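Encoded as structure tokens, the structure appears first; notes follow it.
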Amino acid sequence: MPNLVIKTADELITLDLETRWRGRRAARETQASRRILRMFLDHGGPIPTEDIVATFHGSPAETVRQALITLDEDDLIRIRDGHVDVAYPFSASPTPFVVRLSNGKERYACCATDALGIAPMAGQRVEIRSRCHHCSLPLEFSVTPDGPGPEAAGVMLWFGKRMEEGCRVIDSL
């Protein structure tokens, strides 16, 4: 007799999310994705797509362009007018989340969570500057690859549920 496993709706949703998260993580670990993130980290954005293609010496240009299109379709980057202007966690446009890298250069993060993730991603201490969404008081604190510095004590990060299904998160920035 087969073993029948009964799952709740929440358990099934969780399985689907885990599958999607694994797929998104694998897409972030592609050579194209890593190259884009490195370019944002080193130079900022927006980054002309042809500049990205040109860094792949020996790879067919059309293969690289297709990889960029796939990353865009998967909502991991956004291509506008031939430029990558968003590559999680980075935004080329000003946002309320400014991250100062250890070399003094500043980058914009898409959201508070992305700002917190830049230090471990880059393997360096960063400074985050933003404002409280509730009271507008300035927030400034450091983050290392191991987590926020002591000056972040009492700062809370809130997550909300996206209300619109089927929309790309990247288009809500």
Side-chain angles (χ1 to χ4, degrees), residues 7 9-126 128 130 143-145 157 159-173:
K7 296 189 179 284
D10 287 338
E11 290 170 324
L12 291 171
I13 290 170
T14 299
L15 289 174
D16 182 49
L17 286 176
E18 287 177 10
T19 300
R20 285 191 311 192
W21 290 337
R22 273 194 298 276
R24 287 178 66 82
R25 175 168 290 225
R28 275 191 218 97
E29 293 173 356
T30 64
Q31 204 173 19
S33 179
R34 288 177 168 279
R35 183 81 43 95
I36 293 165
L37 293 176
R38 175 50 58 189
M39 292 173 87
F40 259 94
L41 193 59
D42 292 344
H43 308 290
I47 304 166
T49 55
E50 289 308 308
D51 287 3
I52 299 165
V53 171
T55 67
F56 284 90
H57 310 288
S59 295
E62 194 50 42
T63 301
V64 178
R65 287 186 193 99
Q66 187 55 53
L68 298 178
I69 290 168
T70 299
L71 290 169
D72 181 56
E73 289 171 349
D74 288 344
D75 201 24
L76 294 171
I77 66 171
R78 181 173 64 190
I79 300 173
R80 277 192 177 166
D81 302 321
H83 292 77
V84 175
D85 69 338
V86 175
Y88 293 116
F90 300 107
S91 171
S93 301
T95 70
F97 309 98
V98 180
V99 178
R100 179 174 289 137
L101 305 172
S102 60
N103 63 8
K105 294 180 181 178
E106 292 186 344
R107 301 290 180 261
Y108 293 106
C110 296
C111 66
T113 304
D114 286 345
L116 291 167
I118 291 175
M121 180 193 83
Q124 61 180 261
R125 182 180 185 272
V126 302
I128 296 176
S130 190
V143 179
T144 70
L157 175 64
F159 289 91
K161 182 178 180 182
R162 235 176 48 209
M163 300 308 285
E164 200 174 321
E165 287 299 318
C167 75
R168 293 177 52 180
V169 175
I170 214 162
D171 291 330
S172 66
L173 297 175

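Please read all numbers here as calculations on a predicted model, not as lab measurements.
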Query raised in the report: Do Leu71 and Ile36 pass the side chain to side chain contact (heavy atoms under 4.5 Å, CB included) test, and can you show the C-alpha distance, the side-chain angles, and the key distance before you say yes or no?
Result: CA-CA 10 Å; Leu71 290 169; Ile36 293 165; 4.1 Å; yes

Shortest non-hydrogen contact from [X] to [Y]?
X	Y	answer
Ala67	Ala32	CB-CB, 4.1 Å
Ile118	Val126	CG2-CG1, 4.3 Å
Thr144	Pro120	O-CD, 4.3 Å

Using residues 44-55 as the side-chain source, report each donor-acceptor pair under 3.5 Å to any protein atom, sequence neighbours left out, with the distance given to one decimal.
from  : atom 1 : to    : atom 2 : distance (Å)
Thr49 : OG1    : Gly82 : O      : 3.2
Glu50 : OE1    : Arg65 : NH2    : 3.0
Glu50 : OE2    : Arg65 : NE     : 3.0
Thr55 : OG1    : Arg35 : NH1    : 2.9
Thr55 : OG1    : Ile52 : O      : 2.7

Query raised in the report: When rounded to the nearest 0.5 angstrom, what distance separates CZ in Arg38 from CE in Met121?
Result: 7.5 Å

**Report entry** Distance (rounded to the nearest 0.5 Å) between Phe90 CZ and Thr95 OG1
**Finding:** 11.5 Å

Donor-acceptor pairs under 3.5 angstrom involving side-chain atoms of residues 103-111: please list them, not counting sequence neighbours.
from   : atom 1 : to     : atom 2 : distance (Å)
Asn103 : OD1    : Lys105 : N      : 2.9
Lys105 : NZ     : Asp42  : O      : 3.3
Glu106 : OE2    : Arg100 : NE     : 3.4
Glu106 : OE2    : Arg100 : NH2    : 2.6
Glu106 : OE2    : Arg129 : NH1    : 3.2
Arg107 : NE     : Phe40  : O      : 2.7
Arg107 : NE     : Leu41  : O      : 3.4
Arg107 : NH2    : Leu41  : O      : 3.1
Arg107 : NH2    : Asp42  : O      : 3.2

Query raised in the report: Would a distance-only check, ignoring hydrogens and angles, find a side-chain to backbone donor-acceptor pair under 3.5 Å from Asp85 to Arg80?
Result: no

Query raised in the report: Which pairs count as ring-ring contact (aromatic ring centres under 6.0 Å, His included) when at least one residue sits in residues 42-72, sequence neighbours excluded?
Result: none

Query raised in the report: Of all residues at least two apart in sequence or in a different chain, which pass the side chain to side chain contact (heavy atoms under 4.5 Å, CB included) check with Ser102?
Result: Gln124

Query raised in the report: Could you walk me through whether Val99 and Val143 pass the side chain to side chain contact (heavy atoms under 4.5 Å, CB included) check?
Result: CA-CA 10 Å; Val99 178; Val143 179; over 6 Å; no

**Report entry** Within residues 110-121 or reaching into it, pairs that qualify as salt bridge (charged side-chain N to carboxylate O under 4.0 Å, His left out) - sequence neighbours excluded
**Finding:** none

Query raised in the report: Quick one: salt bridge (charged side-chain N to carboxylate O under 4.0 Å, His left out) pairs with a partner in residues 86-99, sequence neighbours left out?
Result: none

